[in-house]
Amino acid sequence: MNFKKAFRLQAVAAIIFGCGLLTAGATEPIRTEIPARPAGATDLVGFAAPAIDTVRVGFVGLGMRGSEAVRRFTHVPGSKITAICDIEQSRVDKSAADLSKAGYPIPDTYGGKSDSWKGLCEDPDVDLVYIATDWKNHAPIAIYAMEHGKHVAIEVPAALNLDEIWALINTAESRRLHCMMLENCVYDFFEMNTLNMAQQGLFGELMHVEGSYIHNLADFWDAYWQNWRMDYNSKHRGDVYPTHGMGPACQLLDIHRGDKMNILVAMDTEAVGAPQWIEKKTGKAPESFANGDHTMTMIRTEKGKTIHIQHDVVNPRPYTRMYQLTGTKGFANKYPSEGYAFEPEQLAPGTVPDHQNLNAHGYISDEQRRALTEHYLHPIIREVGEVAKSVGGHGGMDYIMDYRLIYCLRNGLPLDMDVYDLAEWCALAPLSAISIENGSAPVEVPDFTRGAWNKVKGYRHAFTIDTK
């Protein structure tokens with residue numbers, strides 16, 4: 001590549017993503033700046049805040065996701081809805097009326113202005129700010145809330161660029177507060193049960209994991225307030241929505257709990273599907289559209305594991321999150337159909353029927369899979385799985401996400417996802433864009449823990465009692 005052209009591309013990426021590109025060359029990966037930790041702050045790996053007996057929750061954003069969250073929280077033990085907020089007053093009024101009809105006290109209400117959320121963040125009757133606005137407002141609201149002493153839970157993606165990611169980390173570390181991203185897909189039943197099997201060694205040493213967000217949004221684009229999601233895709237390249245695939249993959253590989261992501265490489269196709277949708281809708285094709293139809297990112301970790309993540313929201317493909325793992329002793333796959341394959345000796349006698357007949361070159365039978373799932377049913381699924389299905393939210397995983405957040409806050413435990421999970425999963429967006437804009441060059445993944453990635457050995461959910 002022409003040196004001047006390469007330098008120009010790197011400079012553009014640095015401006016777009018708010019970070020200096022420190023090195024780049026034929027063999028050296030592109031590196032982004034890791035800012036110094038604020039004076040007096042320490043890392044939050046394994047962090048647990050003082051227990052809160054009843055968690056008072058304020059909701060910012062009452063659209064598709066936020067209104068459903070308010071409904072779910074009427075079923076979450078140990079929580080109290082004390083404040084609600086939306087830029088559109090009609091949504092605030094409706095949510096308050098729905099709570100009243102359901103027999104719940106009307107919370108403090110904030111709405112009608114673009115900065116109404118500041119009042120909620122300052123409300124002394126709020127312990128946790130639950131943010132479900134459009135993407136561009138996630139980080140600013142979270143930072144303001146933490147500056148006013150609140151724990152925060154932020155819908156995905158919690159941050160859009162490296163500046164926002166580092167600001168969230170620095171604020172959380174300085175204030176000693178929880179900053180969690182609301183990644184619901186780590187709580188899907190298949191993912192949780194498979195994680196439990198992996199943690200008990202059933203798959204041997206994990207070598208490769210996959211995830212994605214492949215979901216044709218043609219029927220949903222019009223539902224996003226003021227067209228914000230299509231507008232964002234039109235202006236940004238890279239995997240702009242990576243966390244549904246990244247979350248389960250990183251938990252399987254113990255990322256920043258004994259391993260870390262080192263290098264990524266990304267590439268994309270031309271943008272065709274979305275411009276065609278816009279032309280069909282408006283009668284005029286857009287002059288430009290940044291986000292390619294299909295984006296692929298490959299990641300290598302410190303311990304030599306690999307991760308493959310994909311993104312496609314404009315082509316008529318069946319929905320898939322591509323959840324898959326490959327280990328030295330077994331294999332798991334969720335889409336298009338759930339299946340497991342193992343070396344026979346991995347399964348103890350009595351765990352599944354006819355275990356001596358298991359064939360590592362094919363999936364175990366449906367009967368064997370059901371027996372295996374029951375044997376390795378995740379403790380959280382065993383505890384609240386049926387309630388979660390009843391309350392709902394993407395089949396129950398949304399309820400489990402909310403339940404676990406409140407459970408950990410009430411018991412003074414580390415949350416299931418910390419601010420570094422947020423950072424690592426969201427960072428795929430700006431880092432994949434840097435790679436693509438530089439001819440699919442390798443990009444170094446920053447150590448967002450700033451040296452603490454190996455302090456905890458292995459990802460585990462926290463409980464008040466031993467669940468084994």
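- Side-chain contact between V70 and F59: present, with at least one pair of heavy atoms (C-beta onward) separated by less than 4.5 Å.
- Closest approach of M267 to S440, counting heavy atoms only: CB-OG, 3.3 Å.
- The minimum heavy-atom distance linking T297 with S432 is given by the pair OG1-CB, 3.8 Å.
- The NE2 atom of H256 lies 5.5 Å from the CD atom of E424; values are rounded to the nearest 0.5 Å.
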Determine, step by step, whether F190 and Y335 satisfy the ring pair (Phe, Tyr, Trp, His ring centres under 6.0 Å) criterion, reporting the C-alpha distance in whole Å, the side-chain angles of both residues, the deciding distance to 0.1 Å, and the verdict. CA-CA 11 Å; F190 186 85; Y335 297 94; 8.4 Å; no
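- Relative orientation of the Y213 and Y319 rings is perpendicular, given thresholds of 30° and 60° on the angle between their planes.
- Residues R317 and N216 are not in side-chain contact: their nearest non-hydrogen atoms beyond the backbone lie 4.5 Å or more apart.
- Between W135 and Y232, the distance from one ring center to the other falls under 6.0 angstrom.
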With side-chain hydrogen bond (donor to acceptor under 3.5 Å, both in side chains) as the test, would you mind laying out the steps for Y340 and T194 before giving the verdict? CA-CA 9 Å; Y340 294 109; T194 305; 2.7 Å; yes
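- In this structure, N454 and K457 have side chains that are in contact, with non-hydrogen atoms separated by less than 4.5 Å.
- Residues Y459 and H461 bring their aromatic ring centres within 6.0 Å.
- Side-chain polar atoms of Y323 and S212 form no donor-acceptor pair below 3.5 angstrom.
- Salt bridge present: R72 and D398 bring a charged side-chain N and a carboxylate O closer than 4.0 Å.
- No option in E173, R176, R450 other than R176 meets the side chain to side chain donor-acceptor pair (under 3.5 Å) test with T42.
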Show your reasoning for whether salt bridge (Lys or Arg N to Asp or Glu O under 4.0 Å) applies to D188 and R321. CA-CA 11 Å; D188 208 351; R321 296 198 302 275; 2.7 Å; yes
Run E88 and W225 through side-chain hydrogen bond (donor to acceptor under 3.5 Å, both in side chains) and show every step you take. CA-CA 10 Å; E88 294 188 5; W225 180 72; 2.7 Å; yes
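- Taking every heavy atom of both residues into account, L428 and P242 meet most closely at CD2-CB, 3.4 Å.
- For F220 and H215, the ring centers sit closer than 6.0 Å to each other.
- Here the CD atom belonging to E155 is positioned 14.0 Å from the CG atom belonging to N137, to the nearest 0.5 angstrom.
- Interatomic distance, OG of S234 versus CD of E287, reported as 12.0 Å (0.5 Å rounding).
- In this structure, Y420 and I169 have side chains that are in contact, with non-hydrogen atoms separated by less than 4.5 Å.
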Where do V209 and Q324 land on the side chain to side chain contact (heavy atoms under 4.5 Å, CB included) test, with the steps shown first? CA-CA 6 Å; V209 293; Q324 186 180 105; over 6 Å; no
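- Atom NZ of K113 and atom CG of D86 lie 14.5 Å apart (nearest 0.5 Å).
- A heavy-atom distance below 4.5 Å is found between the side chains of M261 and I307.
- Note that the CE atom of M397 and the CD atom of E191 stand 7.5 Å from one another [nearest 0.5 Å].
- Using modelled atom types and a 3.5 Å distance limit, the side chains of T328 and E205 yield no donor-acceptor pair.
- When the shell of 6.0 Å around CD of E270 is examined, it contains 12 or fewer heavy atoms from other residues, nucleotides or ligands.
- Shortest non-hydrogen contact noted between Q368 and S365 is OE1-N, 2.8 Å.
- When atom types are taken as modelled, the side chain of N291 and the backbone of H236 share a donor-acceptor pair closer than 3.5 angstrom.
- Side-chain N/O atoms of T269 and H294 include no donor and acceptor closer than 3.5 Å.
- Taking the six-membered ring for Trp and the full ring otherwise, the centers of F342 and F203 sit less than 6.0 Å from each other.
- Remark: the backbone N or O of N315 is paired with a side-chain donor or acceptor of D312 at under 3.5 angstrom.
- Note on R37 versus D43: no salt bridge recorded, every NZ/NE/NH1/NH2 to OD/OE distance being 4.0 Å or above.
- In this structure, the separation between CG on L372 and CG on L202 is 6.0 Å, given to the nearest 0.5 Å.
- For D239 (side chain) and A429 (main-chain N/O), no donor-acceptor pair under 3.5 Å exists by modelled atom type.
- The minimum heavy-atom distance linking M192 with V186 is given by the pair CG-O, 3.3 Å.
- A donor-acceptor pair is defined here as one N or O able to donate and one able to accept, closer than 3.5 Å; such a pair exists between the side chain of R175 and the backbone of E147.
- The shortest distance between side-chain heavy atoms of M417 and L422 does not fall below 4.5 Å.
- Y187 and D416 are linked by a side-chain donor-acceptor pair at a separation below 3.5 angstrom, with hydrogens and angles left out of the test.
- Panel note: side chain E183, backbone C185; a donor-acceptor pair is recorded below 3.5 Å.
- For the residue pair Y363/E338, the side-chain donor-acceptor check at 3.5 Å is not satisfied.
- Proximity of I34 to F448: side-chain heavy atoms (C-beta onward) are nowhere separated by under 4.5 Å.
- Aromatic pair Y241/H311: centroids not less than 6.0 angstrom apart.
- Between R257 and D418 a salt bridge is recorded (basic side-chain N to carboxylate O distance below 4.0 Å).
- K235 and N233 are not linked by any side-chain donor-acceptor pair at a separation below 3.5 angstrom, with hydrogens and angles left out of the test.
- At least one side-chain heavy atom of M246 sits less than 4.5 Å from a side-chain heavy atom of I299.
- Inspection of the D259 and T301 side chains reveals an N or O donor paired with an N or O acceptor under 3.5 Å.
- Taking 4.0 Å as the cut-off between side-chain N and carboxylate O, R229 and D134 do not count as a salt-bridged pair.
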Would you please test L128 and K150 for side chain to side chain contact (heavy atoms under 4.5 Å, CB included) and show each step?
CA-CA 5 Å; L128 168 70; K150 318 299 185 187; over 6 Å; no
